Amino acid sequence: MSTKLLRRHVLAGVGAGFGLLAAPSIARAQSGWPDRPIRLMVPFGAGGAIDTLSRTVA
């Protein structure tokens, strides 16, 4: 492996590492969305498979 290729891989890894370190601070800077409860509307009757799945997802 040539030194240029190795240097490129090292720089890419360092850049990715800094990007991952910066991600949590960016996420904290956002507003507290959602600021109210989300209503999940399921157009099927209660007790069925879709109802059970939607309650699990919610």
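We count residues from 1, following the sequence as given. Note that the structure is a prediction, hence the values are computed from the model and not measured.
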- Task: Check whether any side-chain heavy atom of I50 lies under 4.5 Å from a side-chain heavy atom of V42, and answer yes or no.
- Result: yes
- Query: What pair of heavy atoms forms the shortest contact from D51 to G45, and how long is it?
  - Reply: CB-O, 3.8 Å
- Would you call V57 and S54 a side-chain contact if the rule is heavy atoms closer than 4.5 Å? no
